[in-house]
Amino acid sequence: MEKLYEGKAKILYPTDDPEILLTVFKDDATAFNAQKRGQIQGKGEINCAISAALFRWLESLGIATHYLNTPSPNQMRVKSVKILPLEVVVRNIAAGSLCKQTGLTEGTVLPFPLVEFYLKDDALGDPLLTRDRILVLEVATPEQLEELQSKALQINEYLKDFFNCCNITLVDFKLEFGLDSQGQILLADEISPDTCRLWDQAQTDPQARVLDKDRFRRDLGQVESAYQQVQKRVLEQIAQVSV
Ligand code: TMP
Ligand code: ASP
């Protein structure tokens, strides 16, 4: 089948139905705007399973997502949406680029969840935007921006509690949203150890606790087992909360 689009971690294919697309999750991993490349064995299936479980669960809580079903372990059928060129990052604890850019110490608990918008543009290195820059670039309307902010905060509340029940601290994460044919905002892309920072509450050592893509970014080793650990805990917790 002809690809519609190939990203760093997923490939999008058209289907017989113009309203439905097929996403294939890859084992390929990149970091630092693809300057670092590698593979994480089994990542495609793991990220697909984690994302599917979390999307289904968020839907049950009233968050509209692009998720439809998973025809095979690394494939997800999704509603076709026009992806907004924004990466919406929510942070509960200081880490990553927030520490680099502000001097905050890694691990500092933020006084409130910080919502940030980055422009999805690899050539520009996904720059941090301001509200006015978003409006000047016309990547979202003021109303859409309000809705994105409140959805991101609501999703953070749900996910923070969910991961807490998995003995995992949700440090920060990135979301993408798209518009469906009616202009409704749907949560899209994925929610996985590629797109979240997840710290094991059973570990105090700042390296041993890392259960996410930082293991790959920072060459910490045991990347596959960290992803498997997240999958195991998420699926066990999903079994508890699903009826
Ligand atoms: P950052 O601290 O590097 O800005 O990352 C914040 C969060 O966003 C972190 O959970 C990782 C995630 N993220 C992505 O999903 N894709 C990206 O391209 C980047 C830079 C971060
Ligand atoms: N996914 C991004 C990239 O390859 C960055 C990251 O996740 O660190 O460039």
Side-chain angles (χ1 to χ4, degrees), residues 4-15 17-23 33 51-52 54-68 76-92 94 96-98 101-102 110-162 170-192 194-197:
L4 239 163
Y5 173 80
E6 177 156 6
K8 285 174 275 200
K10 297 186 288 300
I11 307 174
L12 266 186
Y13 292 96
T15 69
D17 184 337
E19 300 267 321
I20 296 175
L21 301 178
L22 184 73
T23 306
N33 204 6
S51 294
L54 292 176
F55 282 147
R56 269 199 300 265
W57 178 69
L58 287 169
E59 280 279 356
S60 78
L61 295 168
I63 304 286
T65 79
H66 72 158
Y67 175 79
L68 290 170
M76 187 186 286
R77 288 172 75 249
V78 298
K79 293 176 197 159
S80 172
V81 293
K82 194 166 154 276
I83 293 284
L84 294 168
L86 289 172
E87 300 202 338
V88 184
V89 170
V90 185
R91 301 179 190 270
N92 298 304
S97 69
L98 180 66
Q101 292 172 8
T102 65
L110 303 180
F112 55 87
L114 179 61
V115 181
E116 298 174 331
F117 296 89
Y118 294 82
L119 183 65
K120 241 175 94 75
D121 187 323
D122 284 342
L124 294 175
D126 296 345
L128 177 63
L129 296 175
T130 62
R131 181 190 148 80
D132 282 353
R133 283 185 180 187
I134 292 171
L135 300 180
V136 163
L137 293 174
E138 296 182 341
V139 290
T141 65
E143 295 74 26
Q144 286 171 339
L145 204 48
E146 280 304 306
E147 191 176 333
L148 291 174
Q149 169 106 9
S150 76
K151 275 196 200 287
L153 286 170
Q154 178 69 75
I155 293 166
N156 181 47
E157 290 309 312
Y158 289 144
L159 289 182
K160 221 170 30 171
D161 287 352
F162 180 90
L170 178 61
V171 174
D172 58 32
F173 59 98
K174 183 264 298 182
L175 300 173
E176 293 185 27
F177 294 88
L179 301 178
D180 70 8
S181 48
Q182 276 94 54
Q184 298 295 311
I185 295 181
L186 303 188
L187 177 61
D189 194 49
E190 66 180 278
I191 305 175
S192 73
D194 270 12
T195 62
C196 301
R197 281 199 176 88

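- For the pair Arg133 and Leu119, the minimum side-chain heavy-atom distance is 4.5 Å or more.
- Using a 4.5 Å heavy-atom cutoff, the side chains of Ile191 and Leu58 are in contact.
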Q: Quick one: do Leu129 and Leu137 satisfy side chain to side chain contact (heavy atoms under 4.5 Å, CB included)? Show the steps, please.
A: CA-CA 10 Å; Leu129 296 175; Leu137 293 174; 4.1 Å; yes
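- Once rounded to the nearest 0.5 Å, the distance linking CZ of Phe177 with CD of Gln144 reads 12.0 Å.
- Scanning all heavy atoms of the two residues, the minimum distance from Thr15 to Leu22 falls at CG2-N, 3.9 Å.
- Here the shortest heavy-atom pairing between Asp122 and Asn33 reads O-ND2, 2.8 Å.
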Q | Leu187 vs Lys151, side chain to side chain contact (heavy atoms under 4.5 Å, CB included): CA-CA, chis, key distance, verdict | A | CA-CA 9 Å; Leu187 177 61; Lys151 275 196 200 287; over 6 Å; no
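- Contact detail for Arg197 and Gly96: the closest heavy-atom pair is NH2-CA, 3.4 Å.
- A distance-only check finds a donor-acceptor pair linking the side chain of Asn92 to the backbone of Leu170 [under 3.5 Å].
- Listed here is the closest heavy atom pair of Ala188 and Gly178: CB-N, 4.2 Å.
- In this structure, Leu21 and Pro14 approach most closely via the heavy-atom pair CD2-CA, 4.1 Å.
- In this structure the side chain of Lys79 never reaches within 4.5 angstrom of the side chain of Ser181, judged on heavy atoms.
- Thr23 places no side-chain N or O within donor-acceptor distance of the main-chain N or O of Leu12, the cut-off being under 3.5 Å.
- No more than 12 heavy-atom neighbours from other residues, nucleotides or ligands sit within 6.0 angstrom of NZ on Lys82.
- Using cut-offs of 30° and 60° for the angle between ring planes, the Trp57 and Tyr158 rings count as perpendicular.
- Taking OH of Tyr13 as the reference point, atom CD of Glu6 lies at 7.0 Å (rounded to 0.5 Å).
- Taking CG of Leu98 as the start and CG of Leu110 as the end, the distance is 6.0 Å to the nearest 0.5 Å.
- Expressed to the nearest 0.5 Å, how far CD of Glu176 lies from CD of Glu190 amounts to 8.5 Å.
- Each of Val139, Leu84, Leu148 was evaluated against Ile134; a single residue qualifies, Val139, per the side-chain contact (heavy atoms from CB on, under 4.5 Å) test.
- Atom OG1 in Thr195 sits 7.0 Å away from atom CG in Asp189 (nearest 0.5 Å).
- The side-chain heavy atoms of Leu145 and Arg131, taken from C-beta on, include a pair separated by under 4.5 Å.
- Residues Leu54 and Phe162 meet the side-chain proximity criterion, which asks for heavy atoms closer than 4.5 Å.
- If you take CD1 on Ile11 and CG on Leu4, they are separated by 11.5 Å, rounding to the nearest 0.5 Å.
- For the pair Val90/Leu159, no side-chain contact is recorded, criterion being any heavy-atom separation below 4.5 Å from C-beta on.
- Using cut-offs of 30° and 60° for the angle between ring planes, the His66 and Phe55 rings count as perpendicular.
- Considering all non-hydrogen atoms of both residues, Ala152 and Leu175 come closest at CA-CD1, 4.2 Å.
- The closest side-chain heavy-atom distance from Ser150 to Leu153 is not below 4.5 Å.
- The main-chain N or O of Asp126 is never found under 3.5 Å from a side-chain atom of Asp121 such that the two would form a donor-acceptor pair.
- A heavy-atom distance below 4.5 Å is not found between the side chains of Tyr67 and Leu186.
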